[in-house]
Amino acid sequence: MLGEYFYAFNLRDGSPVADPRIRRALNLATRRDVITERILGMGQIPSLHFVPNALTDHTGGRFDFADWPMEKRMARARELMAEAGFGPEHPLALELRYNTLEDHKKIAVALGAMWKPLGVAATLTNTEAAVHYRDLAQGNYQVGRYGMIATIADAYDFLNAFTSDNTSNAPGLHSPTYDALISAAASEGDAQARRQHLHEAEQYLLDNDVVLPLYDYVTSSLITPRLEGWAPNALDVHPSRFMHFEASP
């Protein structure tokens with residue numbers, strides 16, 4: 001499915017995760033496969049990228065640690081936290097915000113447990129969706145649960161959200177470099193050059209740990225064998241004009 005489940009980092013001054021070393025440590029220590037396989041178990045795809053893999057017409061980015069074994073990732077995460085002045089003897093108090101849903105709670109609890117060995121003391125804050133997204137938009141959070149579902153099959157639909165003037169820019173990213181890449185993609189007429197701009201934009205988000213991606217969404221559908229013309233697709237769009245029921249035997 002063209003959807004991404006992730007946490008946004010508040011990059012604004014005064015936020016503990018404005019420190020890029022802490023953001024990288026948290027990304028390193030997150031075991032995405034544990035969340036998708038043991039907590040959710042519905043076929044979600046662990047994300048060491050941001051733009052969902054179902055978008056085939058996109059040269060995707062990846063974290064540079066994507067192929068590291070977990071032991072190496074945790075060792076580097078501890079080093080970064082120590083450089084930032086935190087560890088088990090001097091823990092970092094960090095608030096994780098999520099909107100009301102049992103799976104969101106399970107994931108937030110799991111993240112807190114994964115980050116505890118780094119010296120992170122996580123506090124979980126749950127609010128209903130309208131309050132949650134208002135707080136994220138206003139920068140009233142530290143690490144906040146987010147999700148994006150594409151309306152069109154285009155990486156631009158995901159990446160444009162983080163430009164400086166976009167109201168969906170929950171992290172508060174203000175980067176002339178990033179803005180220029182998105183602007184270039186918007187005005188580029190050559191398809192290959194446009195893909196390159198969008199690839200570089202996604203890689204920028206990952207290299208700078210603007211977000212903590214967790215998994216690509218999937219859909220689960222129960223379809224009667226009598227229904228003809230229903231076809232799975234990444235946008236999960238199924239016009240009724242293409243479907244019909246076979247006559248009962």
- Message: Between Asp154 and Arg194, is the salt bridge (Lys or Arg N to Asp or Glu O under 4.0 Å) condition met? List the steps.
- Response: CA-CA 11 Å; Asp154 192 333; Arg194 184 176 185 274; 2.9 Å; yes
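- Rounded to the nearest 0.5 angstrom, Met1 CE and Asn53 CG are separated by 15.0 Å.
- For the pair Gly3 and Ile149, the tightest heavy-atom approach, listed with the atom from each and the gap, is CA-CD1, 3.8 Å.
- Residues Met148 and Ala161 come closest through the heavy atom pair CE-CB, 3.4 Å.
- Between Phe6 and Phe50, the ring planes are perpendicular. Angles over 60° get that label, and only those under 30° would be called parallel.
- Here the closest heavy-atom approach between residue Pro16 and residue Leu94 is recorded as CG-CD1, 3.7 Å.
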- Task: Test Glu83 against Arg76 for salt bridge (Lys or Arg N to Asp or Glu O under 4.0 Å), laying out the working first.
- Result: CA-CA 11 Å; Glu83 289 175 14; Arg76 181 56 180 152; 3.8 Å; yes
- Task: Test Gln196 against Gln192 for side-chain hydrogen bond (donor to acceptor under 3.5 Å, both in side chains), laying out the working first.
- Result: CA-CA 6 Å; Gln196 182 61 30; Gln192 183 56 43; 5.0 Å; no
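- Residues Asn169 and Leu173 share a closest heavy-atom pair of ND2-O, 2.8 Å.
- A heavy-atom distance below 4.5 Å is found between the side chains of Leu28 and Trp68.
- Note on Val131 and Tyr141: separate hydrophobic clusters, where clusters join Ile, Leu, Val, Met, Phe, Trp and Tyr whose side-chain heavy atoms are under 4.5 Å apart, directly or indirectly.
- Of the candidates Tyr133, Phe9, Tyr7, Tyr133 is the only one forming a ring-ring contact (aromatic ring centres under 6.0 Å, His included) with Tyr146.
- Residues Tyr217 and Gly147 share a closest heavy-atom pair of OH-CA, 4.0 Å.
- Annotation: the span from Leu92 atom CG to Leu26 atom CG amounts to 7.5 Å, rounded to 0.5 Å.
- Annotation: cation-pi pair Arg145/Tyr5 present, NZ/CZ under 6.0 Å from the ring centroid and within 45° of its normal.
- Under the 4.5 Å side-chain heavy-atom criterion for ILVMFWY residues, no single connected hydrophobic cluster contains both Met42 and Ile107.
- A salt bridge links Asp64 with Arg24: the distance from a Lys NZ or Arg NE/NH1/NH2 to an Asp or Glu carboxylate oxygen falls below 4.0 Å.
- Of the inter-residue distances, the one linking Thr56 atom OG1 with His58 atom NE2 reads 11.0 Å to the nearest 0.5 angstrom.
- Taking CZ of Arg21 as the reference point, atom CG of Asp209 lies at 13.0 Å (rounded to 0.5 Å).
- Summarising the local packing, CZ of Arg38 is surrounded by 12 or fewer heavy atoms from other residues, nucleotides or ligands at distances under 6.0 Å.
- Atom CG of Asp190 is surrounded by more than 12 heavy atoms from other residues, nucleotides or ligands within 6.0 Å.
- Within the 4.5 Å cutoff, side-chain heavy atoms of Tyr215 are placed close to those of Leu40.
- Here the CG-CZ distance, from Leu124 to Arg97, works out to 11.5 Å after rounding to the nearest 0.5 Å.
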- Task: Step by step, work out the side-chain hydrogen bond (donor to acceptor under 3.5 Å, both in side chains) result for Thr177 and Tyr204.
- Result: CA-CA 9 Å; Thr177 299; Tyr204 182 96; 5.4 Å; no
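- Once rounded to the nearest 0.5 Å, the distance linking CD of Glu228 with CZ of Phe242 reads 15.0 Å.
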